[in-house]
Amino acid sequence: MKKLLVFVFIITIKSIFSQTETKLEFINETTVLLNDEKINKNTTFDEVKKLLGEPVLYKKYVTGKVNYHYKEKGISVHTMNGNLLFIGFNYNWDGDKTFPNTSYKGKLNIDGVDFDQNSTKENQKKIKNVEFMELMPGLVFSKPKNGKKNTLIILGYKDNKVTQIGFEFH
């Protein structure tokens, strides 16, 4: 009986502390889901921590903006006044220190198109309901529809491979 209780205890502890796969889904400019929970500019940092766990502080700015890293997950989160401003996912680190240099291994989907570490601009071309513009070589932004600026998608590329994908909330 003791062995069974120890076994149940170990399994319970492992399930509590095991990392669940992070999942982000961009449905449209007003609906972004993080682990099946809707996130936007009104999402508090405490709500983000409930979904992702405790991050490491990367940098505080005098403006009130604060950047955090989820180093083990390859995720960067920026907040302003305690609310979510930006969430970004690193795939192939290009030296941008605002992202942790670990690769994101979870699921990321934009308008039905999956992205991963091997994604290229061909993945972006499959996205039908979002228009993109290249501001400079290797940096692509979504164009807001009808002047609305709810969620902006930012894609970074180097040698045609995706480096980072970010979502900025307005």
Side-chain angles (χ1 to χ4, degrees), residues 20-94 96-116 119 121 123-124 126-136 138-157 162-170:
T20 57
E21 183 177 71
T22 304
K23 178 173 78 171
L24 186 120
E25 186 176 5
F26 176 91
I27 296 170
N28 58 42
E29 289 183 321
T30 61
T31 307
V32 178
L33 302 175
L34 177 62
N35 294 342
D36 297 319
E37 297 290 329
K38 189 173 181 178
I39 59 172
N40 56 41
K41 68 180 181 179
N42 297 317
T43 302
T44 67
F45 184 49
D46 286 336
E47 291 170 308
V48 171
K49 289 191 291 187
K50 285 180 186 172
L51 296 171
L52 295 178
E54 199 65 43
V56 173
L57 174 67
Y58 173 69
K59 188 171 187 178
K60 282 186 178 185
Y61 297 87
V62 294
T63 60
K65 180 180 171 185
V66 183
N67 292 10
Y68 297 93
H69 285 176
Y70 287 91
K71 289 182 179 184
E72 71 285 353
K73 295 180 182 199
I75 299 174
S76 179
V77 171
H78 306 176
T79 64
M80 178 67 103
N81 300 323
N83 286 344
L84 182 62
L85 178 63
F86 172 88
I87 185 166
F89 303 83
N90 182 65
Y91 284 104
N92 298 293
W93 197 60
D94 60 4
D96 182 350
K97 292 182 180 178
T98 61
F99 286 86
N101 65 2
T102 52
S103 294
Y104 176 67
K105 301 289 188 219
K107 294 183 180 189
L108 192 146
N109 182 290
I110 300 173
D111 190 33
V113 178
D114 291 327
F115 283 81
D116 62 26
S119 295
K121 289 186 179 182
N123 293 71
Q124 177 192 322
K126 294 176 187 175
I127 299 170
K128 301 298 180 205
N129 295 318
V130 179
E131 256 188 277
F132 291 95
M133 58 186 168
E134 190 165 16
L135 293 182
M136 58 192 289
L139 191 59
V140 179
F141 286 77
S142 62
K143 289 183 181 179
K145 290 184 178 181
N146 305 322
K148 294 180 186 175
K149 288 176 74 176
N150 293 313
T151 305
L152 182 69
I153 305 170
I154 306 161
L155 294 109
Y157 294 98
V162 68
T163 54
Q164 292 102 9
I165 298 177
F167 302 88
E168 189 170 300
F169 300 97
H170 295 267

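Two residues are said to be in side-chain contact when any heavy atoms from C-beta on lie closer than 4.5 Å; Phe132 and Ile127 meet this criterion. Using a 4.5 Å heavy-atom threshold, the side chains of Asp94 and Phe99 count as separate. Under the 4.5 Å side-chain criterion, counting only non-hydrogen atoms from C-beta, Leu24 is in contact with Ile39. Between Thr22 and Leu34 the shortest side-chain heavy-atom distance falls below 4.5 Å.
By the side-chain hydrogen bond (donor to acceptor under 3.5 Å, both in side chains) test, Glu168 pairs with His170, sequence neighbours left out. With sequence neighbours excluded, the residues satisfying side chain to side chain contact (heavy atoms under 4.5 Å, CB included) with Asn109 are Glu25, Asp114. Applying the side chain to side chain contact (heavy atoms under 4.5 Å, CB included) test to Lys121 and every residue at least two apart in sequence or in another chain returns Glu134, Tyr157, Asn160. Listed by chain and number, the residues in a side-chain hydrogen bond (donor to acceptor under 3.5 Å, both in side chains) with Asn129 are Asp111 (sequence neighbours excluded). Not counting sequence neighbours, Asn150 has no partner by the side-chain hydrogen bond (donor to acceptor under 3.5 Å, both in side chains) test. Shown here are the ring pair (Phe, Tyr, Trp, His ring centres under 6.0 Å) partners of Tyr58, two or more places apart in sequence or in another chain: His69. Residues forming a salt bridge (Lys or Arg N to Asp or Glu O under 4.0 Å) with Lys60 (at least two apart in sequence, or on another chain): none. For Lys23, the side-chain hydrogen bond (donor to acceptor under 3.5 Å, both in side chains) partners two or more places apart in sequence, or in a different chain, are Asp36.
For the atom pair CD of Glu21 and NZ of Lys105, the computed distance is 11.5 Å after rounding to the nearest 0.5 Å. Interatomic distance, CD of Glu29 versus CD1 of Ile153, reported as 8.0 Å (0.5 Å rounding). Here Leu108 contributes atom CG and Ile165 contributes atom CD1; the two are 5.0 Å apart, rounded to the nearest 0.5 Å. Separating the OG1 atom in Thr30 from the CZ atom in Phe169 is a distance of 11.5 Å, to the nearest 0.5 Å.
What you find for Leu152 and Ser142 is that their closest heavy atoms are CD1-O, 3.0 Å.
Ser119 places a side-chain N or O within 3.5 Å of a backbone atom of Asp116 that can act as its donor or acceptor partner.
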Scan the side chains in residues 78-91 for donor-acceptor partners under 3.5 Å anywhere in the protein, sequence neighbours excluded, and list what turns up.
residue	atom	partner	partner atom	Å
His78	NE2	Asn67	ND2	3.4
His78	NE2	Ser76	OG	3.2
Asn90	OD1	Gln164	NE2	3.1
Asn90	ND2	Pro100	O	3.4
Asn90	ND2	Thr102	O	2.9

Less than 3.5 Å apart, which donor and acceptor atoms pair up between the side chains of residues 40-57 and the rest of the protein, not counting sequence neighbours?
residue	atom	partner	partner atom	Å
Asn40	OD1	Asn42	N	2.7
Asn40	OD1	Thr43	N	3.4
Thr43	OG1	Asn40	N	2.8
Thr43	OG1	Asn40	O	3.2
Thr44	OG1	Glu47	N	3.1
Thr44	OG1	Glu47	OE1	3.2
Glu47	OE1	Thr44	N	2.6

